[in-house]
Amino acid sequence: VAGIEKTNSDYIAMACREELDPWMRQRAVRTGAELIEASLIGLEVDADGVTAVIRRKATRQKEKIRASVVIGADGAYSTTAKALGLDRLPRCIAIQHRMYLPPDKMEKWQDTAALYLGQTVSPDLYAWVFPKIDHIAVGCGAGPGNTSEARHLLANLKERIAIDLDGGEVFMEEAHALPMHPRKNIAFDRAMLIGDAAGLVVGTSGDGIYWAMKSGHVAAQTIIEAQGDFSYSKLRAYEKHW
């Protein structure tokens, strides 16, 4: 950025979600969590607790799990939010190609992350090239009125920076929904929503990972402080804090 001097303390963290997410799950297991691989089908909240209906990944069998309180951390298409009777949030789309580059092209991106602006590459948000360990992610964001144009916008970006991608090979395409508006309510009787499920995505950057972690921490702390009373009157402390 013009007028801003780069320093040795500048740092932008990049992570591959296919490695970060399982690492975090296993860390939770090591500290006492029970990992159940299943799909959430529905929730029923009553005065004494929450009943979660799940389908086990391994057996495809349905079963019920009883809990005192639930934290919905299940993304932009949150089953938890749907079970609580909430409407879907307006969503943007982020689409990107993972690409392997020849060594001479990859060298440029070893310590560089680039952002691109303009109507032809992202009318609503921005486009990007983010470096990973051995490849790059080339992508763009599109708002609710332009989601159908996402692939076209990405093609425009790749044409715009073609000289930097010459000889590259796409090995993966990814697309994700970004709920850009926080929900009015993110706490309920015996339930809270965090991260994308709560719409906690930064409108200026589309960043959601940090805020998912932060909201998860605040929600967990609220449960501890509730001392067994998981009514809305207690859990709304999370909502008010946020």
Problem set entry | Greater than 12 external heavy atoms within 6.0 Å of Lys64's NZ | no
Exercise. So do the side chains of Pro90 and Pro179 get within less than 4.5 Å of each other, counting heavy atoms only?
Worked result: no
Problem set entry | Distance (rounded to the nearest 0.5 Å) between Leu178 CG and Thr147 OG1 | 11.5 Å
For this session: Please test Arg236 against Met192 for side chain to side chain contact (heavy atoms under 4.5 Å, CB included), starting from the C-alpha separation and ending with a verdict.
Result: CA-CA 9 Å; Arg236 71 188 299 262; Met192 290 178 283; over 6 Å; no
Seminar exercise, completed: To the nearest 0.5 Å, atom NZ of Lys132 lies from atom CH2 of Trp109 at 13.5 Å
Exercise. Around Glu174, counting heavy atoms of other residues, nucleotides and ligands shown, do more than 12 lie under 6.0 Å from its CD?
Worked result: yes
For this session: Output yes when Glu37 and Arg56 qualify as a salt bridge under the 4.0 Å nitrogen-oxygen rule, no when they do not.
Result: no
For this session: Report the distance from atom CG of Leu101 to atom CD of Glu107, rounding to the nearest 0.5 Å.
Result: 12.0 Å
Exercise. Below 4.5 Å, heavy atoms only, C-beta onward: do Val70 and Leu43 meet side chain to side chain?
Worked result: yes
For this session: Any pair with a residue in residues 143-174 that passes ring pair (Phe, Tyr, Trp, His ring centres under 6.0 Å), sequence neighbours left out, goes on the list, sorted by first then second residue, please.
Result: Tyr100-Phe171, His135-Phe171
Seminar exercise, completed: Taken to the nearest 0.5 Å, the spacing of Glu18 CD from Trp23 CH2 works out to 15.5 Å
Exercise. Do you know the tightest heavy-atom contact between Val121 and Asn156?
Worked result: CG1-C, 4.2 Å
Exercise. Does Glu63 CD have over 12 foreign heavy atoms under 6.0 Å away?
Worked result: yes
Exercise. Looking only at heavy atoms, what is the nearest atom pair of Leu157 and Gly139, with distance?
Worked result: CD2-O, 3.3 Å
Problem set entry | Check: Val201 and Asp207 side chains under 4.5 Å, non-hydrogen atoms | no
For this session: Step through the shown structure and confirm whether more than 12 heavy atoms of other residues, nucleotides or ligands are within 6.0 Å of CG on Asp87.
Result: no
Name the atoms and distances for all side-chain donor-acceptor pairs under 3.5 Å in residues 77-85, with sequence neighbours left out.
from, atom 1, to, atom 2, distance (Å)
Ser78, OG, Asp74, OD1, 2.6
Ser78, OG, Asp74, OD2, 3.4
Ser78, OG, Thr80, N, 3.3
Ser78, OG, Ala81, N, 2.9
Thr80, OG1, Asp74, OD2, 2.8

For this session: Carefully, step by step, assess Leu193 and Phe188 under the rule side chain to side chain contact (heavy atoms under 4.5 Å, CB included).
Result: CA-CA 9 Å; Leu193 299 175; Phe188 310 87; 4.1 Å; yes
Problem set entry | Side chain to side chain, Tyr116 and Ile161, heavy atoms closer than 4.5 Å | yes
Problem set entry | Heavy-atom pair of closest approach, residues Ile133 and Met106 | O-CE, 4.5 Å
Exercise. Does Ile136 belong to the same Ile/Leu/Val/Met/Phe/Trp/Tyr cluster as Val170, with side-chain heavy atoms less than 4.5 Å apart forming each link?
Worked result: yes
For this session: Indicate if Ile194 and Ile209 have the same hydrophobic cluster label, given that clusters are the connected sets of ILVMFWY residues with side-chain heavy-atom separations under 4.5 angstrom.
Result: no
Exercise. Got Ser68 and Val50 here, is their nearest side-chain heavy-atom distance under 4.5 Å?
Worked result: no
For this session: In sequence, state the C-alpha distance, the side-chain angles, and the governing distance for Ile93 and His176, and then conclude on side chain to side chain contact (heavy atoms under 4.5 Å, CB included).
Result: CA-CA 6 Å; Ile93 291 293; His176 303 282; over 6 Å; no
Exercise. Should the heavy atoms of other residues, nucleotides or ligands under 6.0 Å from CG of Leu35 be counted, would the total exceed 12?
Worked result: yes
Exercise. In Å and rounded to the nearest 0.5 Å, what is the CZ to CG distance from Arg91 to Asp196?
Worked result: 11.0 Å
Exercise. When you check the gap from the basic side-chain N to the acidic O, do Asp164 and Lys105 get nearer than 4.0 Å?
Worked result: no
Exercise. Can you check whether Asp48's main-chain N or O pairs, donor with acceptor, with Asp46's side chain at less than 3.5 Å?
Worked result: yes
Exercise. At their closest point, which heavy atom of Arg190 faces which heavy atom of Ala47, and how far apart are they?
Worked result: NH2-O, 3.1 Å
Exercise. Shared ILVMFWY cluster between Ile95 and Phe130, side chains joined below 4.5 angstrom?
Worked result: no
Problem set entry | Passing candidate, side-chain hydrogen bond (donor to acceptor under 3.5 Å, both in side chains) with Glu173, options Gln96, Arg151, Arg98 | Arg151
Exercise. Any side-chain donor paired with an acceptor under 3.5 Å for Gln221 and Tyr238?
Worked result: no
Exercise. Counting heavy atoms not belonging to Glu34, are there more than 12 under 6.0 Å from its CD?
Worked result: no
Problem set entry | Step-by-step side chain to side chain contact (heavy atoms under 4.5 Å, CB included) determination, Trp242 to Ile186 | CA-CA 9 Å; Trp242 195 260; Ile186 56 178; 4.1 Å; yes
Exercise. Do Thr51 and Arg66 have a side chain donor and acceptor closer than 3.5 Å?
Worked result: yes
Exercise. So do the side chains of His241 and Thr222 get within less than 4.5 Å of each other, counting heavy atoms only?
Worked result: no
Exercise. Val138, Tyr126: one ILVMFWY side-chain cluster at the under-4.5 Å cut-off?
Worked result: no
Exercise. Counting heavy atoms not belonging to Trp128, are there more than 12 under 6.0 Å from its CH2?
Worked result: yes
Exercise. When rounded to the nearest 0.5 angstrom, what is the spacing between CD in Gln61 and CZ in Arg55?
Worked result: 8.0 Å
Seminar exercise, completed: Residues Pro123 and Leu153: closest non-hydrogen pair is CD-CD1, 3.7 Å
Problem set entry | Val69 side chain reached by Leu235 side chain, heavy atoms, under 4.5 Å | yes
Exercise. Any side-chain heavy atom of Lys234 within less than 4.5 Å of one from Glu225?
Worked result: no
Exercise. In terms of hydrophobic clusters joined by side-chain contacts under 4.5 Å, are Ile65 and Ile41 together?
Worked result: no
Exercise. Under 6.0 Å from the CD atom of Gln227, do we count more than 12 heavy atoms belonging to anything else shown?
Worked result: no
Problem set entry | Where Leu125 and Ala142 come nearest, the two heavy atoms and their spacing | CD1-N, 4.2 Å
Which pairs would a plain distance check flag for residues 24-32, meaning a side-chain donor or acceptor within less than 3.5 Å of a matching protein atom at least two apart in sequence or in another chain?
from, atom 1, to, atom 2, distance (Å)
Thr31, OG1, Arg27, O, 3.2
Thr31, OG1, Ala28, O, 3.0

